[in-house]
Amino acid sequence: MVQLFRNKSYSGIVLLALLFLVVHANFFMHAPEITKPTHSGFFEVIIQQYIQPLPDIALFLIYALLVLFQAIRFNIALNNAHMFQQQGYTTGMAYILLTGLLPQWNYISAGLLVNSFIIWIFVKLIRLYNNPSPKTLLFNIGFITGAVILCYHPTVIFILVIFFALLVVRPFRLAEWLVLLLGVILPYYFTAAILFITNQTNLIKGILPHFKIAWPLPFPTYWLSITIAYAILLLLFSFYYWQLHVNRMVIQIRKNWMIVLVFLLVILISPFVFAYAGLTAAFIWIIPLSAFFANYFLYPNKTLLPNLFFWLALALVFYNNWFINKI
């Protein structure tokens, strides 16, 4: 089955759409749920006021179109950046499988919306190397990041990723760092200015990220423990095949992979320092995890074990979303 996603052809997009229908077959019984408000930014306001009242079919289409767009866009971005030694749709396949792995990732949430913008920022980050107009690009990266933080507060830790990317991709130039910082600050500056002009300064505190350090999971259930063990084991296998091939790549691609690695390490703490957002804050994990998982689904010559992991993922998706209560 994995072999079908190793080919770079337009049929891969059709296969991704069919895979989505299999992974999220539970939506044919009930529409995606809406997350409860956690006061995490403007995206939650949009979800509660404009998306929640929509009919079930509209909720299904919103979720489906967002996930498919993100999976395909991220897959194409990695292919265009030559992040793999051979191109295919294994990144998109891993992305869609992961969206069904936890029940909370089946929700329409701010995390779902924000992934589209995180992927957009990542596409810009991998264009930094030898870019002829770095300041313009850096300002755009910073501005989008600042706007994303306004819309979903748990993404504030993504600031660490964009500054790390600047550190490893380009030689140090103070002006470039200041341009990036200015871009991050401006969305907040404009928002605060509007609130000041309209005499709503009491709302300024609400647009600032707030932290709550706690364990975001309840006591692990049997099947949740199996799901976590599956993801960790697949990540270990993926790291093995990734390190076998990354050293053979040119320095630009190795630096891009370092950005993905730091992205994963930084974003892993998100549900723990923003515990009020729950596991929906972990939806952002799907982006770097799918990039690494793609290595294991793409590189092994013998496909027995990759196929086994594929079918195990479908089994976990099926059981977690059909037979157990949402945690």
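These figures come from a predicted structure and were not determined experimentally.
Contacts of L178 classified as side chain to side chain contact (heavy atoms under 4.5 Å, CB included), with partners at least two apart in sequence or in another chain: L174.
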In residues 182-194, what donor-acceptor pairs under 3.5 Å come from side-chain atoms, sequence neighbours left out?
from: Y188; atom 1: OH; to: I207; atom 2: O; distance (Å): 2.8
from: T191; atom 1: OG1; to: P187; atom 2: O; distance (Å): 2.7

Please set out all donor-acceptor pairs under 3.5 angstrom arising from side-chain atoms of residues 135-148, sequence neighbours excluded.
from: N140; atom 1: ND2; to: T136; atom 2: O; distance (Å): 3.3
from: T145; atom 1: OG1; to: I141; atom 2: O; distance (Å): 2.7

Side chains of residues 284-299: which donor-acceptor pairs under 3.5 Å do they make with residues two or more places apart or in other chains?
from: W285; atom 1: NE1; to: I267; atom 2: O; distance (Å): 2.9
from: S290; atom 1: OG; to: I286; atom 2: O; distance (Å): 2.9
from: S290; atom 1: OG; to: I287; atom 2: O; distance (Å): 2.8
from: N295; atom 1: ND2; to: A291; atom 2: O; distance (Å): 3.1
from: N295; atom 1: ND2; to: F292; atom 2: O; distance (Å): 3.2
from: Y299; atom 1: OH; to: Q85; atom 2: N; distance (Å): 3.0

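Legend: side chain to side chain donor-acceptor pair (under 3.5 Å) pairs involving residues 63-72, not counting sequence neighbours, sorted by first then second residue: Q70-Y95, Q70-S116.
Interatomic distance, Y89 OH to I96 CD1, rounded to the nearest 0.5 Å: 11.5 Å. Atom CD of residue Q87 and atom CD1 of residue I76 lie 10.5 Å apart, to the nearest 0.5 angstrom. Atom CG in N321 sits 8.5 Å away from atom CG in L102 (nearest 0.5 Å). Atom CG of L68 is separated from atom CD1 of I13 by 10.0 Å, given to the nearest 0.5 angstrom.
Within the 4.5 Å cutoff, side-chain heavy atoms of L59 are placed close to those of I34. Inter-residue side-chain proximity for L101 and V317 is flagged as met; some heavy-atom pair is nearer than 4.5 Å. Looking at heavy atoms from C-beta onward, V114 lies out of side-chain contact with C151 at the 4.5 angstrom threshold.
There is no path of hydrophobic side-chain contacts, each under 4.5 Å, that joins Y230 to L304.
Side chain of R254 to backbone of M249: a donor-acceptor contact under 3.5 angstrom is found.
Of the candidates F158, F164, F122, W257, F158 is the only one forming a ring-ring contact (aromatic ring centres under 6.0 Å, His included) with F263. Test F69, Y152, F43 against F117 for ring-ring contact (aromatic ring centres under 6.0 Å, His included) and you get one pass: F43.
Applying the under-4.5 Å side-chain rule to Ile, Leu, Val, Met, Phe, Trp and Tyr, the cluster around L18 extends to V14.
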